[in-house]
Structure formats: structure tokens, C-alpha cells
*Asks:* 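Here it is: the structure, laid out below.
Reckoned from all heavy atoms, side chains included, excluding hydrogens, waters and symmetry mates.
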Amino acid sequence: MRVGASPEGLFERLALTLNLAPKPLVDTQVAFNAARAIMSAAKLGIFEALGRGQKRAVEVAESCATDPRATEQLLNCLVGIGYARYARGRYAMPRRLRKWLVRGSRTSLVDKLAFQIFEWDYMQKLDEFVRTGRPIDLHAVASPEEWRAYQDGMRDLSAGRSREVARKLPVPPGATRLLDIGGSHGLYSIELCKRHPKLRATILELPGAIDRASQIAAREGLGDRVAHRSGNALTDELGDDWDVVFISNVVHHFTARENRRLAERVHRALRPRGLYVVGELLRASAPGDGGAVAATSDLYFALTSASGCWSAAEIGSWMSAAGFKVRRPIKYLVPGYQTILGRK
């Protein structure tokens, strides 16, 4: 996937083609103004108000408890960037965006967009990271508010993907025990348990994540089949006799050495023919191959965690060294996200 200026009309198309338009300004000033407008609209409930039908600016402001004039200016910006429609004095949400921007939707990204306001602040530390090479330890420095926003945002990201993962993963026939490392919200475990009636899941998670995650499993009616255990996958016992060990969007927080040792411990914890599944946004095999998603994800995770993204080859090498037979990665609709599978 590529991200960049989208010309409106023949004149702008020619200007970009002939390198006459100031593309760096479009990709920065225009892009970050637009991005912040979208995030703020999500956090303030602007999209939620528009999702309930056409409204005048003053009605949106009343619904969101915001200033009428400033709300109108934000709405006008959203119209200009394609995130709202305007006709005869009223604003509305484009139909194609309802699935992403209305909280009641199963594919809502409202909480993820709200968490991105914190991520905006993290990216301000990029200069210092590049100068010194010292990343932010996100899990160590996050406030309780950030931690809650992080969990809610990760739940949004996983809502649609978890169903696709559950459909595509080759869970061993008759499997009954799943260990979900760092599973937080539990959506992957929930969807896998729905698809495999005999399966029960244990989510190993840091203490701060468990209370909220347990509530999600209970709402899904799977509180008796999805349990949570407080612990650290790098230092605590994983247990044994697991049919599947699943870890998604976590190994970018670990160093290569930690990931190699984790693969060894997972191998010991699995039953014969058990499956180790690592889901990640992958780093491209060569700069530029994965487009904007791979490039920006790798930089962001390098800044906020221990390593940045890993390639499929690197993840597979940890598995092979631990004794796994590595299978072909599985691709998903989300650009860049794949699951790497190792069979014991």
C-alpha cells in the first residue's frame, strides 16, 4: 500500500507529474493536519454524531458538547478531506466510512484513532531516537490512561482480523488447549474458541491488561472457556501440553535473542505436532518492497519497542533453530500482517 498526495483535477495531476507541486508540504503539512482532524473527530464523538443522520454544525456541537464555531471548522475540514459530506447546511458521514467510524460497528476503529493521539506524542521523540538509538519503552512509561487507550485500540485493530485468523489457521484436529501470549483483549482466543468447540484458551498477559480483557470474554459468553493468567512470557513458566501457542503483535517488543529463547521454551511447552503461531506486521525483505505500511510500521516499532518489525525469514529462523518445521506464512486482508507457523 502506498500513501501520498491524491490530485484533484487535471491541473493538480499535471503539477505533481511535472514536479511543480510542493509534494513534501502535501505529505507533511496537509497530511498531519488531516490526520489530527480525523483523530480528534473520533475522540470527540463527531463521527458518532454524524452516524446518526444529517446534522447542522450547531447540532453536532450540542451532541458532542463542543464549541459551535470550532466544530463547524472541523467539520469543514472533514468535508475537504473526504471524511464528511455537506449539502444544504447539513453534514453527514460518507456511507463507506460508517463501518470504520461508528462505535457500534464490529469493524469500528474509533478507539484506535483515539489512541493515536498518544502515538502522535510518541512520534515527537523520533529525532532523539535517531540521534541516540535509544527507543521508548512504551510498556514501562505508559500511564494508566494510555494503557487503557492502548488496550482499546488494539482491540479495534484485532476485531476484524481475529475472525479471519481463526478461519485460516490450521488448528490441529481435536485441539483442546490454546496458550495466547500477550493476548490482552482476548479476541483471537475468543474467535478460535468459537470456531473450535473443544478448544479452551489461557491468555498470558501482564497484570495491567487482565481486568478489562476478562470483561470482553465475558461479554462474548466465553468466560468459562477463555481464562487469563498474569505473567511474563520471557521469564515465567509457560506450562506444557499445549496444542497451540499463539502470539500476535508482540515479538516486535522483544530482541532477537529473547525471541530465539521464547521459541525454544514454546517448543518444550507444546504437545507433539503442536503449532506455534506468530502474527506480525512484517518488515519488507528489502527497503521499499512492502510500501508505506511496512516502512512506517518498522520505524514506529523501532522507536517504541525493543526491535522494530521482523521479517518472515527472521521469525522462521527462530522457529527452525528451536526444532520447529516452518510452514508457509499465511497472508490476510490487512496489508503487511502475516502469521508464521511452526509445527513441532
*Asks:* Grab the two heavy atoms, one from A159 and one from R163, that are nearest each other, plus how far apart they are.
*Replies:* O-NH1, 3.1 Å
*Asks:* If the threshold is 4.0 Å, N to carboxylate O, is there a salt bridge linking R271 and D243?
*Replies:* yes
*Asks:* Strictly by modelled atom types, are E205 and H228 linked by a side-chain donor-acceptor pair under 3.5 Å?
*Replies:* no
*Asks:* Return the minimal non-hydrogen interatomic distance between R283 and D298, and the atom names on each side.
*Replies:* CD-OD2, 3.3 Å
*Asks:* If the threshold is 4.0 Å, N to carboxylate O, is there a salt bridge linking E59 and R56?
*Replies:* yes
*Asks:* Side chains of Y337 and N249: any donor to acceptor distance under 3.5 Å?
*Replies:* no
*Asks:* Could you tell me whether the side chain of K168 and the main chain of K331 form a donor-acceptor pair under 3.5 Å?
*Replies:* yes
*Asks:* Just by modelled atom types, is the Q338 backbone N or O under 3.5 Å from a matching donor or acceptor in the E280 side chain?
*Replies:* no
*Asks:* Working to the nearest 0.5 Å, report the span between OG of S63 and CD1 of I46.
*Replies:* 8.0 Å
*Asks:* Quick check against the 3.5 Å criterion: does R265 have a side-chain atom that pairs as donor or acceptor with the backbone of A233?
*Replies:* yes
*Asks:* Under 4.5 Å between side-chain heavy atoms, hopping through other hydrophobics if needed: is there a path connecting L303 to F118?
*Replies:* yes
*Asks:* Within the 4.5 Å heavy-atom criterion, are V245 and D180 side-chain neighbours or not?
*Replies:* no
*Asks:* Same cluster or not: L113 versus V60, using hydrophobic residues (I, L, V, M, F, W, Y) connected whenever any side-chain heavy atoms lie under 4.5 Å apart?
*Replies:* yes
*Asks:* Scan side-chain atoms only and decide if E146 and Y122 contain a donor-acceptor pair under the 3.5 Å cut-off.
*Replies:* yes
*Asks:* List the atom of V102, the atom of S108, and the distance in Å for their closest heavy-atom pair.
*Replies:* O-CB, 3.3 Å
*Asks:* Kindly indicate, with the supporting measurements, whether the criterion side chain to side chain contact (heavy atoms under 4.5 Å, CB included) is fulfilled by S297 and L281.
*Replies:* CA-CA 7 Å; S297 297; L281 282 169; 3.7 Å; yes
*Asks:* Just verifying a value: how many Å separate L187 CG and D156 CG, rounded to the nearest 0.5 Å?
*Replies:* 9.5 Å
*Asks:* Test side chain to side chain contact (heavy atoms under 4.5 Å, CB included) on L299 and L126; report intermediate values, then the result.
*Replies:* CA-CA 9 Å; L299 180 63; L126 181 61; 3.9 Å; yes
*Asks:* Any non-hydrogen side-chain atom of M93 less than 4.5 Å from a side-chain atom of R98?
*Replies:* yes
*Asks:* Less than 4.5 Å apart, any side-chain heavy atom of R200 and any of T176?
*Replies:* no
*Asks:* Check whether R36 reaches the backbone of A31 with its side chain - one donor and one acceptor, N or O, closer than 3.5 Å.
*Replies:* no
*Asks:* Do any N or O atoms from the side chain of K344 and from the backbone of R273 form a donor-acceptor pair under 3.5 angstrom?
*Replies:* no
*Asks:* Is there side-chain contact between I247 and L262, with heavy atoms separated by less than 4.5 Å?
*Replies:* yes
*Asks:* Of the non-hydrogen atoms in L78 and A41, which two are nearest, and what is the gap between them?
*Replies:* CD1-CB, 3.9 Å
*Asks:* Do S307 and T255 get their side chains close enough for a donor-acceptor pair, meaning under 3.5 Å?
*Replies:* no
*Asks:* Got a second to check how far S143's OG is from R148's CZ, nearest 0.5 Å?
*Replies:* 7.5 Å
*Asks:* Could you check whether any side-chain heavy atom of L109 comes within less than 4.5 Å of a side-chain heavy atom of L101, counting everything from C-beta outward?
*Replies:* no
*Asks:* Look only at the side chain of R260 and the backbone of A321, and say whether a donor-acceptor pair between them is shorter than 3.5 Å.
*Replies:* no
*Asks:* Less than 4.5 Å apart, any side-chain heavy atom of F246 and any of L179?
*Replies:* no
*Asks:* In terms of side-chain heavy atoms, does Q124 have a donor or acceptor partner in D121 at a distance below 3.5 Å?
*Replies:* yes
*Asks:* Once you measure the plane-to-plane angle for W120 and F32, does it fall in the parallel (<30°), tilted (30-60°) or perpendicular (>60°) bin?
*Replies:* perpendicular
*Asks:* Quick check: does any side chain N or O of R106 sit under 3.5 Å from a backbone N or O of G160, one acting as donor and the other as acceptor?
*Replies:* no
*Asks:* Verify, without hydrogens or angle tests, whether S105 (side chain) and K99 (backbone) share a donor-acceptor contact under 3.5 angstrom.
*Replies:* yes
*Asks:* Heavy-atom distance under 4.5 Å between the side chains of W310 and I340, does that happen here?
*Replies:* no
*Asks:* Walk me through it: do D152 and F115 pass the test side chain to side chain contact (heavy atoms under 4.5 Å, CB included)?
*Replies:* CA-CA 8 Å; D152 290 343; F115 175 63; over 6 Å; no
*Asks:* Would you find a donor on one side and an acceptor on the other, under 3.5 Å apart, between the side chain of K55 and the backbone of A49?
*Replies:* yes
*Asks:* Below 4.0 angstrom, N of the basic side chain to O of the carboxylate: do E128 and K125 qualify?
*Replies:* no
*Asks:* Can you list the steps and then say if C64 with E48 is a side chain to side chain contact (heavy atoms under 4.5 Å, CB included)?
*Replies:* CA-CA 9 Å; C64 299; E48 204 68 27; over 6 Å; no
*Asks:* Y83 vs F47 aromatic rings, parallel, tilted or perpendicular, using cut-offs 30° and 60°?
*Replies:* tilted
*Asks:* Salt bridge check, R69 against E72: does any charged N sit closer than 4.0 Å to a carboxylate O?
*Replies:* yes
*Asks:* Measuring from L44:CG to M39:CE, what's the distance to the nearest 0.5 Å?
*Replies:* 11.5 Å
*Asks:* Would you kindly confirm whether I315 and I330 end up in one hydrophobic cluster when ILVMFWY residues are joined by side chain heavy atoms under 4.5 Å apart?
*Replies:* no
*Asks:* Going by atom types only, do S317 and E314 share a side-chain donor-acceptor pair under 3.5 Å?
*Replies:* no
*Asks:* Can you name the nearest heavy-atom pair linking L169 to V277, along with the distance?
*Replies:* CD2-CG1, 3.8 Å
*Asks:* I'd like to know if V326 and V266 are part of one continuous hydrophobic network [Ile/Leu/Val/Met/Phe/Trp/Tyr, side-chain heavy atoms within less than 4.5 Å].
*Replies:* yes
*Asks:* Determine, for K194 against E191, whether the closest basic-nitrogen to carboxylate-oxygen distance falls under 4.0 angstrom.
*Replies:* yes
*Asks:* Return yes if a side-chain donor-acceptor contact under 3.5 Å exists between Y332 and T339, otherwise no.
*Replies:* yes
*Asks:* Do the side chains of R155 and D111 get close enough for a salt bridge, i.e. N-O under 4.0 angstrom?
*Replies:* yes
*Asks:* If hydrophobic clusters are built by linking Ile, Leu, Val, Met, Phe, Trp and Tyr wherever their side-chain heavy atoms come under 4.5 Å apart, do Y86 and V58 end up in the same one?
*Replies:* no
*Asks:* Set out, in order, the CA-CA distance, both residues' side-chain angles and the distance that settles ring-ring contact (aromatic ring centres under 6.0 Å, His included) for F324 and H267, then state yes or no.
*Replies:* CA-CA 7 Å; F324 288 100; H267 191 271; 4.8 Å; yes
*Asks:* Between S189 and R225, do the side chains contain an N or O donor and an N or O acceptor separated by less than 3.5 Å?
*Replies:* no
*Asks:* Could you check if a side-chain atom of C309 sits within less than 4.5 angstrom of a side-chain atom of L282, using non-hydrogen atoms only?
*Replies:* no
*Asks:* Does E119 pair with K112 as a salt bridge, N-O distance under 4.0 Å?
*Replies:* yes
*Asks:* Give a yes or no on this: more than 12 heavy atoms of other residues, nucleotides or ligands lie within 6.0 Å of atom CD of E62.
*Replies:* no
*Asks:* Please round to the nearest 0.5 Å and tell me the distance separating atom CZ of R257 and atom CH2 of W318.
*Replies:* 14.5 Å
*Asks:* Taking atom CG of N259 and atom CD of E264, what is their separation to the nearest 0.5 Å?
*Replies:* 11.0 Å
*Asks:* So does R327 have more than 12 non-hydrogen atoms from other groups sitting under 6.0 Å from CZ?
*Replies:* no
*Asks:* Of the non-hydrogen atoms in W100 and T107, which two are nearest, and what is the gap between them?
*Replies:* CE3-O, 3.3 Å
*Asks:* Do Y188 and R161 have side-chain N/O donor and acceptor atoms under 3.5 Å apart?
*Replies:* yes
